[in-house]
Number of protein chains: 2
Amino acid sequence: MKTDTVFKRAFNDVLDLVSRLPNGSTLPSENTLGARLKISRTTVRKVIAALETQGVVTGAGRERVVRTVGETARPFPHAETIPMAAQVEERFMEWLLRDNARPGTAINELELARKFGMATTGIREFLNRFQRFGLIEKRPNSGWVFKGFTTSFALELFEIREMFELRSARALAALPGDSPLWAQLEALQREHLQLLENIETRFHDFSDLDSRFHRLISTAAPNRFIDSFYDIITVIFHFHYQWNKQDERQRNEVAIREHLTYMDALFGHNIALVELACRAHLVSAKQTLLRSTSQK
Amino acid sequence: MKTDTVFKRAFNDVLDLVSRLPNGSTLPSENTLGARLKISRTTVRKVIAALETQGVVTGAGRERVVRTVGETARPFPHAETIPMAAQVEERFMEWLLRDNARPGTAINELELARKFGMATTGIREFLNRFQRFGLIEKRPNSGWVFKGFTTSFALELFEIREMFELRSARALAALPGDSPLWAQLEALQREHLQLLENIETRFHDFSDLDSRFHRLISTAAPNRFIDSFYDIITVIFHFHYQWNKQDERQRNEVAIREHLTYMDALFGHNIALVELACRAHLVSAKQTLLRSTSQK
DNA sequence: CGTAGGTTTCTTATAGACAAAAATCATTTG
DNA sequence: CAAATGATTTTTGTCTATAAGAAACCTACG
């Protein structure tokens, strides 16, 4: 059976939306709600039905009215609004990093299914998608092997990353001044400066900013294969940041300053400087990653 | 239920192996057979049991003897020895190319399952793996869309291909003369020359040679992400060759000559010449591909 | 007559079952 | 006791079933 995470997320969203409405106002139409929440009318109706039994919405048909007074309905826990497929990645990476980080470790679908409390189908599907990250490999009719978060993995990853990033950075620097990308880059620059001011408390926020910065650069010359590669980078770094907390504040501060230099070079449209700043940043990012890989 | 393609392929292989043995010789041990056919002993025993009922092998336990006289057992049809997962790709590409090549076409798992005579699980698994080829995209809770074999697809593919190929070619040219790769490259050179001699009849054989040539170059500096990208190239070109038969003989002849020039440059360790030959070949390959893409 | 709600049909996400194949454990024999 | 066969346990590949969710169709009201 499907999980009803779509319904639960939508329920919470509508609850939130409705709570901002004045008491007694009419509910937006089913189509409007569906469009706003990016779900089908079928699910909208299910949500409305649930809200009716909870007394948040009264009336029927075109005459549905919001009642925000009285005890409000309780939203579903956040965990139940995340689709299963998305949760597997999180749990799998945690399992890899905490328990079984050794290269060559066999990955057993049945064991994972039991550990994660789900059917093997879901595990298989995840592993098949995860394969492209280059960390696991399939042995037909036998299981999967974890190839290890090794030095060579990091080196291979960064070889490609450098090629792609330099190419995108050059393309961006060559963009005319009236491209909307410059405004977006300026906004990101401000975010970097703000983060730098509050680095002591907010240093965890860098992971997300980092991903957005590099992805923005890659949009200067869109290429589906490069975009797809950035998914890999994002996931690897996301978990690397979660796992390796050593010197996190300081590492992130250094990276922010490198980003700022990199952005200055971009704003200056100076290809040579851009390449220099880009390379410098990637070298330092590579060193950070390399410090937490296993040998071979 | 699993298909028994492993058993059937193994059965055919053992039948073939046994037919070369003199009548009355003892059968190799189960372990030996398993190692040679890359299958588990369980399947070896199943094959032996089948051969016993067919009278090709007599005796039991350690005393099993081959009987090649009399009517020999019939092998299983080749089609039944190919694992289902491998067959889907073939059928899917054919379906894409023949029937529904239009960008934006919705891909319906259930419909494909019915058309291919298999369960939806198998289709899903295939589509999830095929996603990395950049030709399809998933809409959660809805189906998949075919993004189209478009001009931009070809351009994006070749942008990456050129980056990767130039980098590998440079690495290969820089390899010392005693590297085993040079001998392998010489062997490939001979294959090219032979194919060129019989181009009129054997021009279909180029597809395979092409793939092996470019993959050999990439082994000069192994990188899992590049290898993975070559899988995409190989599949795309495999089906492109099957689909677009126009001028096939001539196109392949041109490509062979380009390869030969490229190889000469590599043997000469002349980076500038290598880059020239490599670029020239890729440009012409790109043109070929572009000629059969749809607009946008 | 176009937009909204009501109803029906179709598709996807996930679980569960089971034979094929692998992996492990046990026994025999030279 | 090492290498082979025999028996048993686990795991994978594939199918079927079903609720959640999307999509399509229908009806009614302003």
Side-chain angles (χ1 to χ4, degrees), chain A residues 1-10 26-34 37-49 59-64 83-85 88 106-114 117-128 138-144, chain B residues 1-10 26-34 37-49 59-64 83-85 88 106-114 117-128 138-144:
Chain A
M1 194 189 35
K2 261 188 165 178
T3 54
D4 55 354
T5 53
V6 173
F7 161 69
K8 285 176 175 165
R9 181 186 61 76
T26 50
L27 199 69
S29 86
E30 295 176 356
N31 276 318
T32 313
L33 284 171
L37 304 179
K38 304 233 166 79
I39 53 174
S40 74
R41 255 187 68 220
T42 309
T43 309
V44 171
R45 305 191 99 232
K46 202 174 154 186
V47 168
I48 293 176
R62 274 157 232 237
E63 304 289 322
R64 283 194 274 242
M84 207 203 46
V88 195
I107 295 168
N108 186 315
E109 293 176 4
L110 210 60
E111 188 191 329
L112 283 183
R114 280 191 290 252
M118 55 190 297
T120 48
T121 330
I123 301 288
R124 279 176 81 77
E125 189 167 323
F126 165 73
L127 292 172
N128 267 311
K138 189 167 178 53
R139 300 281 149 83
N141 287 311
S142 174
W144 300 76
Chain B
M1 194 188 36
K2 261 187 164 177
T3 55
D4 56 355
T5 53
V6 173
F7 161 70
K8 285 175 174 165
R9 181 187 60 77
T26 51
L27 199 69
S29 85
E30 295 175 357
N31 277 319
T32 313
L33 284 171
L37 305 179
K38 303 233 166 75
I39 53 173
S40 73
R41 254 187 68 221
T42 309
T43 309
V44 172
R45 303 190 101 230
K46 201 174 154 187
V47 168
I48 292 176
R62 274 154 232 239
E63 304 287 321
R64 284 194 275 242
M84 207 203 46
V88 196
I107 296 168
N108 186 316
E109 294 176 2
L110 210 61
E111 188 191 328
L112 283 184
R114 279 191 290 252
M118 56 189 298
T120 47
T121 329
I123 302 288
R124 278 175 81 75
E125 189 167 322
F126 165 73
L127 292 173
N128 267 313
K138 190 168 177 55
R139 300 280 150 85
N141 286 312
S142 175
W144 300 77

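As a basis for the values below, the full set of heavy atoms in this structure was taken, side chains included, without hydrogen atoms, waters or symmetry mates. Per chain, numbering begins at 1; letters A, B, ... match sequence-line order. Every value quoted in this text rests on a predicted model; they were computed, and no experiment measured them.
Thr120(A) comes within 4.0 angstrom of no nucleic acid atom, judged by non-hydrogen atoms across all strands. Within 4.0 Å (heavy atoms only), Arg114(A) reaches sugar-phosphate atoms of the nucleic acid but no base atom. Nucleic acid contact class of Gly61(B) (heavy atoms, under 4.0 Å, all strands): sugar-phosphate only. Lys138(B) comes within 4.0 angstrom of sugar-phosphate atoms only, judged by non-hydrogen atoms across all strands, and of no base. Among the atoms of the strands shown, none is found under 4.0 Å from any heavy atom of Gly122(A).
Atom NZ in Lys46(B) sits about 18 Å away from atom C1' in dG6(D), given to the nearest Å. Computed from coordinates, the Phe7(A) CZ to dA22(D) P distance equals 13 Å when rounded to whole Å. Distance Leu33(B) CG to dA22(C) P: 14 Å, rounded to the nearest Å. Note: CG (Leu37(A)) to P (dA20(D)) measures 19 Å, nearest angstrom. The nearest whole Å value for the distance from the CG atom in Asp4(B) to the P atom in dC18(C) is 19 Å. Atom-to-atom, CD of Glu109(A) to C1' of dA22(C) comes out at 13 Å; the value is rounded to the nearest Å. To the nearest angstrom, C1' of dT12(C) lies 12 Å from CE of Met84(A). Summarising the geometry, the separation between CD on Glu111(B) and P on dC10(C) is reported as 13 Å, rounded to the nearest angstrom.
Listed nucleotides: dT5(D), dC15(D), dT12(C). Nearest to the side chain of Arg62(B): dT5(D). Counting only heavy atoms from C-beta on, Thr121(B) has its side chain closest to dT16(D) among dT5(D), dA19(C), dT16(D). Checking dG6(D), dA21(C), dT12(C) against the side-chain heavy atoms of Arg45(B) singles out dG6(D) as nearest. Between dA22(C), dG21(D), dA15(C), one nucleotide has an atom nearer to the side chain of Asn141(A) than all others, and that is dA22(C). Closest to the side chain of Val6(B), from the set dG21(D), dA22(C), dG5(C), is dA22(C). Nearest to the side-chain atoms of Ala119(B) among the listed nucleotides dG21(D), dT3(C), dT16(D) stands dT16(D). Among dT11(C), dC15(D), dT12(D), the nucleotide with an atom closest to any side-chain atom of Leu110(B) is dT11(C).
What you find for Asn141(B) and Lys2(A) is that their closest heavy atoms are OD1-NZ, 3.3 Å.
Using a 4.0 Å cut-off, some side-chain N or O of Thr43(A) falls inside it from OP1 or OP2 of dA22(D). Put simply, Asn108(A) has no side-chain N or O that comes within less than 4.0 Å of OP1 or OP2 on dA23(C). For dA13(C), neither phosphate oxygen OP1 nor OP2 lies less than 4.0 angstrom from any side-chain nitrogen or oxygen of Thr3(A). Between Lys2(A) and the phosphate of dT18(D), there is no side-chain N or O to OP1/OP2 separation shorter than 4.0 Å. Proximity of Arg124(A) to the phosphate of dG13(D): a side-chain N or O atom is located under 4.0 Å from OP1 or OP2. The side chain of Ser40(A) contributes an N or O atom lying less than 4.0 Å from OP1 or OP2 of dA22(D).
By the 4.5 Å heavy-atom criterion applied to side chains, Leu37(A) and Val44(A) are not counted as neighbours. Side-chain contact check for Val88(B) versus Met118(B): some heavy-atom pair is nearer than 4.5 Å. Arg9(A) is listed as a side-chain neighbour of Ile39(A), based on a closest heavy-atom distance under 4.5 Å.
No hydrogens or angles were tested; on distance alone, a donor-acceptor pair under 3.5 Å links the side chain of Thr42(B) to the base of dA22(C). Put simply, the side chain of Ser142(A) and the base of dA23(C) share no donor and acceptor less than 3.5 Å apart. Arg41(A) contributes no side-chain N or O that forms a donor-acceptor pair with the base of dG21(D) under 3.5 Å.
Shown are Leu112(B), Ile107(B), Ile123(B); of these, the side-chain contact (heavy atoms from CB on, under 4.5 Å) with Trp144(B) is made only by Ile107(B).
Each of Arg64(B) and Met1(B) was assigned the nucleotide of DNA chain D with the nearest heavy atom; the assignment lying further toward the 5' end belongs to Arg64(B). When each of Gly117(B) and Ser29(B) is assigned the nucleotide of DNA chain D with its nearest heavy atom, Ser29(B) is the one assigned upstream, toward the 5' end. Position along DNA chain C of the nearest nucleotide to Glu63(B) versus Lys38(B) favours Lys38(B) as the more 5'-ward residue.
Here the NZ atom belonging to Lys46(A) is positioned 5.0 Å from the CG atom belonging to Asp4(A), to the nearest 0.5 angstrom.
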>> For Arg41(A) and Asn31(A): C-alpha separation, side-chain torsions, deciding distance, then whether side chain to side chain contact (heavy atoms under 4.5 Å, CB included) applies.
In response: CA-CA 6 Å; Arg41(A) 255 187 68 220; Asn31(A) 276 318; 3.2 Å; yes
